[in-house]
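Each chain gets a letter, A, B and so on, in the order its sequence line appears, and its residues count up from 1.
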There are 2 protein chains.
Amino acid sequence: MRTEGRAKRLPRAVRERQIMDAAVDVFSRLGFYSASMDEISEVAGISKPMLYAYLGSKEELFATCIRREATRMMEAIATGVEPDQEPDVQLWSGLRAFFGFVGENRASWMVLHRQASTQGGPFAIELTDMRGRAVSLVAALLTQSTKAPATKLEAESLAAALVGAGESLADWWLDHPEEPAGVVAARLMNLVWMGFGDLVDGNVWHPPSRR
Amino acid sequence: MRTEGRAKRLPRAVRERQIMDAAVDVFSRLGFYSASMDEISEVAGISKPMLYAYLGSKEELFATCIRREATRMMEAIATGVEPDQEPDVQLWSGLRAFFGFVGENRASWMVLHRQASTQGGPFAIELTDMRGRAVSLVAALLTQSTKAPATKLEAESLAAALVGAGESLADWWLDHPEEPAGVVAARLMNLVWMGFGDLVDGNVWHPPSRR
DNA sequence: CAGTAGTCTTACTCGCGAGTAGGTACCAGG
DNA sequence: CCTGGTACCTACTCGCGAGTAAGACTACTG
C-alpha cells in the first residue's frame with residue numbers, strides 16, 4: 001500500500017493502535033512464524049525501528065495482540081450475558097455474543113484461536129489464560145445449575161468440551177459464512193443443551209419468547 | 001543422543017520409518033517452524049543429506065507425517081466401530097476408540113491437531129481432508145438416525161461441533177492425564193447425547209450393559 | 001532562534017536453518 | 001580385485017528475517 005515518503009508525525013498512542021491493527025491483520029493471515037516484522041511495519045505504514053521502539057520484540061508484539069483481542073472478546077461476551085438469569089438463557093446469550101464477535105472480527109478470532117493455540121511459546125500463556133477464564137465461566141454456570149456434574153474436574157472437562165465445540169464450530173463457520181450467526185449459535189445451543197438423543201427424537205430447545 | 005561415528009547401514013525402508021518417528025517426535029514437541037531439520041536428523045541418528053534424499057523437503061516431510069498419523073488414527077477408529085449398530089452405540093465406540101488412540105499416541109495427536117491445524121501451508125490440506133472425513137462420518141451417523149437434522153448443512157455443522165468438542169476435550173485431557181480414557185469419553189458422550197439439559201436433571205446416558 | 005524531546009528513516013549486522021556439493025565406507029556380482 | 005550401486009558423511013552456500021546503529025526531521029518551549 002503505502003510506498004514512499006516519510007510518514008506523517010503522529011502521537012505515540014495513535015501509532016501504537018495502527019501498528020497493533022496491522023499486526024493482527026498480518027498475523028491472522030500468515031501465522032506467527034511466517035509473518036515478518038518487515039511486512040507488519042509496511043502494512044502499518046511505518047518503518048521497522050518504530051515498531052521495535054514502540055512494541056518491543058516480535059514475541060512481545062504477538063503477545064500484546066493476543067491480550068488485546070482476548071480482552072475485547074471476553075468483554076463482548078460479558079456484556080451480552082446477565083448473570084442472574086436461568087442457566088440456559090445465560091448460555092444462550094453467551095453463545096450469541098460469542099458468535100457475534102467472531103462474525104464481526106474474523107481476524108481477531110484467527111489470531112486468537114488458529115494461531116496462538118499452536119505455538120508453545122510465551123503466548124500460549126496468554127491464550128491458555130483466556131481460555132481458562134472462559135472455561136471457568138462455563139464451569140461455574142454448570143455447577144450452579146444443581147446436581148449433575150459432581151466433581152470439579154467433571155464440570156471443568158465438560159466446559160472444556162463445550163468451549164472446544166464453540167471454537168470448532170466457529171472455525172467451521174469461517175468456511176460457511178453464508179449462515180447467519182444466530183442460526184449457528186442456536187445449533188450449538190441445541191447440541192449441548194438438548195443433546196443428540198433429544199434432537200433425534202425431534203425435541204429442540206427454544207429461547208424463552210421474550211428475547 | 002547419538003554423537004559420533006557413522007551409522008550402521010540399514011535398508012532404506014527401515015531408515016525411513018526411523019526418520020518418520022523422529023520427525024513426529026520433534027514436530028510434536030516444537031511445532032513445524034521451530035523444528036529444525038538438523039534436530040530431526042540428529043534424533044533419527046542420521047545426517048541431514050540422508051533425510052533430504054529419502055523424504056524430500058521439510059514441507060514434504062511434515063505432510064508425510066500428517067498423512068501417516070492421520071491414517072493410523074482413522075484406522076484405529078474405524079476398527080472400533082461396527083456400522084450396523086444403534087447410532088448411540090456407534091458414537092460411543094467411536095469416542096472410545098478416539099480417546100484410546102489419543103491416550104496412547106500423544107505425539108501423533110499433537111502433530112495432527114495442535115500443529116497442523118494452524119499453518120496455512122500445504123499441510124492444512126492433509127489435515128482438513130482427514131477432519132473432513134471424520135466430520136462426514138459423524139454427519140452420516142446423524143443423518144441416518146432419522147428426523148432431526150433436516151439440511152445437510154445442519155448435520156455437517158453439528159458434526160463439526162462434535163468433532164471440535166472431541167478435539168478440545170482431548171487437548172484438555174493432555175493437561176489432566178490422571179483421568180482414564182473411558183471416563184473422558186463417557187463424559188463427552190453424555191454431553192453430546194444427553195445435553196446439559198438432561199444432565200442438570202440428573203439423567204445420564206448408560207452404555208447398553210453388553211459392551 | 002537555540003535547545004531538547006520525541007517521531008521517523010536509511011542502511012546496515014548477524015545468526016540460523018534450509019538445502020547441496022562432493023565426497024567416503026560398504027556390499028554386491030563378475 | 002575391479003566396478004558399480006547404495007547407504008552415508010563432512011562441510012559448505014546462501015537467503016531471509018530479527019534486531020540495531022546512527023542520524024535526520026519536526027515541533028514545541030523558553
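Among the protein residues, A:Met37 comes within range of the sugar-phosphate backbone only, with heavy atoms under 4.0 Å from sugar or phosphate atoms but none that close to a base. If you check every strand for non-hydrogen atoms under 4.0 Å, B:Pro49 touches a base.
Between A:Arg15 and C:dC8 there is a side-chain N or O to OP1 or OP2 distance below 4.0 Å. An OP1 or OP2 oxygen of C:dG17 is reached within less than 4.0 angstrom by no side-chain nitrogen or oxygen of B:Tyr33.
Residues A:Trp92 and A:Ala185 share a closest heavy-atom pair of CZ3-C, 3.7 Å.
Between B:Arg72 and B:Glu69 there is a salt bridge, since a side-chain N of the basic residue sits under 4.0 Å from a carboxylate O of the acidic one.
Listed nucleotides: D:dG17, C:dA18, C:dT10. Nearest to the side chain of B:Lys58: C:dA18. Comparing C:dC8, D:dA18, C:dA18 by their closest approach to the side chain of A:Leu10 singles out C:dC8.
Protein atom CE of B:Met50 is 16 Å distant from nucleotide atom P of C:dG19, rounded to whole Å. Atom pair A:Tyr52:OH and D:dA21:C1' shows a separation of 15 Å (rounding to whole Å applied).
Atom CD of B:Glu42 sits about 14.0 Å away from atom CE of B:Met37, to the nearest 0.5 Å.
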Show me the protein contacts with nucleotides 24-30 of chain D, counting only N or O atoms at under 3.5 Å.
{"unit_1": "D:dC25", "atom_1": "O2", "unit_2": "A:Arg9", "atom_2": "NH1", "d": "3.4"}
{"unit_1": "D:dT26", "atom_1": "O2", "unit_2": "A:Arg9", "atom_2": "NH2", "d": "3.2"}

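For the pair B:Ser47 and A:Asp38, nearest-nucleotide mapping onto DNA chain D gives the more 5' position to B:Ser47.
The cationic atom of A:Arg187 (NZ for Lys, CZ for Arg) does not lie both less than 6.0 Å from the six-membered ring centre of A:Trp173 and within 45° of the ring axis. With a 6.0 Å cutoff to the six-membered ring centre and a 45° limit on the axis angle, A:Lys58 counts as a cation-pi contact of A:Phe32.
Here A:Phe99 and A:Trp109 keep their ring centres 6.0 angstrom or further from each other.
Checked by distance alone, B:Lys48 brings a side-chain donor or acceptor within 3.5 Å of a matching partner on the base of C:dG19.
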